[in-house]
2 protein chains.
Amino acid sequence: MSIPGGRSGRRRVADDGVVPPPPQRRATGRPPRISRADIVAAAHRIVDAEGVARLTMRRLAAEVGSTPMALYHHVRDRDELLVLLLEDYARRIPRPELPEQPRERIVAAALVLHDVLAERPWLVTALATDDLMGATALWIVEVMVDAAMAAGLSAERAVHAYRAIWYYTVGEITVRSAAGRQRASRDRPSYRDEVFASLDPAELPRLAALADRWTALTTVDTYAAGLRALVDGLLPGS
Amino acid sequence: MSIPGGRSGRRRVADDGVVPPPPQRRATGRPPRISRADIVAAAHRIVDAEGVARLTMRRLAAEVGSTPMALYHHVRDRDELLVLLLEDYARRIPRPELPEQPRERIVAAALVLHDVLAERPWLVTALATDDLMGATALWIVEVMVDAAMAAGLSAERAVHAYRAIWYYTVGEITVRSAAGRQRASRDRPSYRDEVFASLDPAELPRLAALADRWTALTTVDTYAAGLRALVDGLLPGS
DNA sequence: ACCTGAACACCGTTCAAGT
DNA sequence: ACCTGAACACCGTTCAAGT
């Protein structure tokens, strides 16, 4: 299962986010031509310019000026590369002043998270597993859990509250980015439009009445409003 | 862009879900060896037995007893196949008795939706675009919008409330199925565990204090609890 | 220790031809 | 009208060898 002669096992990423060199002596053997940092930087360029779909090991090797196989000497596989890239993005999240009031503090933190992800929806897929924006973005989670406790929740319920907000956020990004992608590919008139155009008012009266406004209604950005409703429901009444 | 000689354009799916034959005369030409229904049924078998990842055009052709290219004569591309499959699953959603009380009615409808998706998380990805479980599952949306209006929301706000619930549900399924997949592949000790094992209590005191309970806390199923909080926040106070 | 070329076992989709 | 074989332009990853 391990690469012959390669160093397997995830290398710890330091708090400042700089990838540390492996602890081994570097004196012996052939000097490296490419580094992890080079690889991540190249991946970053590709993703920003062409999207994640284009981030293939071959494309990345070309960008680095090497061969696909050289990459496997620095990165276990494509998944590990994505985690590395994630950390790289997480480090770039702005850390704004947040309101003191717990409820508003949670909302503000969630909005920061949302805005970062909305710009790069592909992060959500890579992220969903670990429910955190990489180690360097854990402060957002800390803020939410802490504020939820300050608002009167137990530790357990604070974590569950954070999770509910995380679910809501992931869902919003997922749905809206998928819808955006759909709209981008014009050729197909969207299954949804077709369905809504021929609703039976006897069976689905509300939807039939709303059919012509449906697209407009579901295109409005309601993330913040829904978030506030969720937070209101999660925190003890004031 | 269109298949030479093939019939492009999405064919309407009838309300009973049976795929109607194309309106053209069928008298002339070579008789078909496989039908759309055959293809969808075969796809269904593969997905249930081996997962969506294994649903490739080649694998599907083998299951149908044909060649990959024959499929393209019945289905525009892989995406259309997924929509067809979606409809097929939507038709199978049980339609239980729902409570009369608006708030409980919404919760019950959301739970139906959630349970169906939780069993087949891959549907969410295919679905997210069209924010509906295929035409035959639109009754769930109707129920939610109708109940939200019965609870006192305007039509617009009722749609937005439904959307918030949809986001929350999609997110929950996405996150939890990703986590499940992670847990399934044992070899890698999960980036998260590693990060949580070495938190700095000075910087992230809440998370550090919760570190050893984190996995347990985030494995609990809190969908229903979060859903109730969200619905409480969305509907006017009673 | 680090990098390479060739290969394995796949993808979705198109083209041109056959019945 | 429907189906086929061969091919195009890709994937991630492994193996064995080179420096």
Side-chain angles (χ1 to χ4, degrees), chain A residues 1-8 11 21-39 42-43 46 50-83 85 126 185 187-188, chain B residues 1-8 11 21-39 42-43 46 50-83 85 126 185 187-188:
Chain A
M1 272 295 165
S2 65
I3 300 165
R7 13 180 176 65
S8 55
R11 215 174 296 147
Q24 292 88 341
R25 59 266 166 264
R26 189 27 88 64
T28 184
R30 183 167 163 174
R33 256 211 271 284
I34 56 177
S35 70
R36 277 192 151 208
D38 294 337
I39 293 175
I46 294 172
E50 307 169 33
V52 233
R54 301 286 272 275
L55 182 65
T56 69
M57 299 303 269
R58 288 157 209 261
R59 173 79 187 80
L60 180 56
E63 181 77 19
V64 166
S66 183
T67 68
M69 276 321 300
L71 302 179
Y72 284 92
H73 226 266
H74 299 270
V75 155
R76 186 209 285 230
D77 55 19
R78 194 169 180 275
D79 275 5
E80 196 188 45
L81 176 70
L82 288 178
V83 172
L85 201 53
S185 68
D187 55 327
R188 173 171 309 195
Chain B
M1 271 294 163
S2 66
I3 299 165
R7 13 180 174 65
S8 54
R11 214 174 296 148
Q24 292 88 342
R25 58 267 167 264
R26 185 31 86 65
T28 185
R30 182 167 166 175
R33 254 210 273 284
I34 56 177
S35 70
R36 276 192 152 211
D38 293 337
I39 293 174
I46 294 172
E50 307 170 32
V52 233
R54 302 286 273 275
L55 182 66
T56 69
M57 298 304 269
R58 290 158 208 260
R59 172 78 186 80
L60 180 55
E63 181 77 20
V64 167
S66 183
T67 68
M69 277 321 301
L71 302 179
Y72 284 91
H73 226 264
H74 299 268
V75 154
R76 185 210 286 229
D77 54 20
R78 193 169 181 274
D79 276 5
E80 198 189 44
L81 176 70
L82 288 179
V83 172
L85 202 51
S185 67
D187 56 328
R188 175 169 309 195

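All values below were derived from every heavy atom in this structure, side-chain atoms included, with hydrogens, water molecules and symmetry-related copies excluded. All chains are named by letter (A, B, ...) in the order of the sequence lines, taking the proteins before the strands, and each is independently numbered beginning at 1.
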For residues B:Val52 and B:Leu85, determine if any side-chain heavy atom of one lies less than 4.5 Å from a side-chain heavy atom of the other.
->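 A side-chain contact is absent here, since even the closest heavy-atom pair is not under 4.5 Å.
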
Decide yes or no for A:Asp38 and A:His74: does some side-chain heavy atom of the first lie under 4.5 Å from some side-chain heavy atom of the second?
-> no

With rounding to the nearest 0.5 Å, note down the distance linking [atom1] in [X] to [atom2] in [Y].
{"X": "A:Glu80", "Y": "A:Tyr72", "atom1": "CD", "atom2": "OH", "value": "11.5 Å"}
{"X": "A:Glu63", "Y": "A:Ile46", "atom1": "CD", "atom2": "CD1", "value": "4.5 Å"}
{"X": "B:Thr67", "Y": "B:His73", "atom1": "OG1", "atom2": "NE2", "value": "10.5 Å"}

Any idea which of [options] is nearest the [X] side chain?
{"X": "B:Thr56", "options": "C:dG12, C:dT14, D:dC15", "value": "C:dG12"}
{"X": "A:Arg58", "options": "C:dA7, C:dC11, C:dG5", "value": "C:dA7"}
{"X": "B:Pro32", "options": "C:dA6, D:dC3, C:dT13", "value": "D:dC3"}
{"X": "A:His73", "options": "D:dC3, C:dG12, C:dC3", "value": "C:dC3"}
{"X": "A:Met57", "options": "D:dA7, D:dT4, D:dG12", "value": "D:dG12"}

Please report the distance, rounded to the nearest Å, between [atom1] in [X] and [atom2] in [N].
{"X": "B:Asp38", "N": "D:dC3", "atom1": "CG", "atom2": "C1'", "answer": "14 Å"}
{"X": "B:Met69", "N": "C:dG12", "atom1": "CE", "atom2": "P", "answer": "12 Å"}
{"X": "A:Glu80", "N": "D:dG12", "atom1": "CD", "atom2": "P", "answer": "15 Å"}
{"X": "A:Arg76", "N": "D:dT14", "atom1": "CZ", "atom2": "P", "answer": "11 Å"}
{"X": "A:Leu71", "N": "D:dC11", "atom1": "CG", "atom2": "P", "answer": "13 Å"}
{"X": "A:Asp77", "N": "D:dC11", "atom1": "CG", "atom2": "P", "answer": "17 Å"}
{"X": "B:Arg36", "N": "D:dC2", "atom1": "CZ", "atom2": "C1'", "answer": "15 Å"}
{"X": "A:Leu60", "N": "D:dC11", "atom1": "CG", "atom2": "P", "answer": "11 Å"}

Quick one: is [X] getting a side-chain N or O under 4.0 Å of the [N] phosphate, OP1 or OP2?
{"X": "B:His74", "N": "D:dC3", "value": "yes"}
{"X": "B:Arg33", "N": "D:dC2", "value": "no"}
{"X": "B:Ser66", "N": "D:dT4", "value": "yes"}
{"X": "B:Thr67", "N": "D:dC3", "value": "no"}

Assess whether salt bridge (charged side-chain N to carboxylate O under 4.0 Å, His left out) is satisfied between B:Glu50 and B:Arg54, documenting all intermediate values.
-> CA-CA 6 Å; B:Glu50 307 170 32; B:Arg54 302 286 273 275; 3.7 Å; yes

Minimum-distance pair of heavy atoms, taken over all atoms of B:Ala43 and B:Leu81 =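 For B:Ala43 and B:Leu81, the tightest heavy-atom pair comes out as CB-CD1, 4.4 Å.
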
Base-paired stems in DNA chain D, each at least three Watson-Crick or G-U pairs under 3.5 Å | C:4-8 with D:12-16, C:12-16 with D:4-8

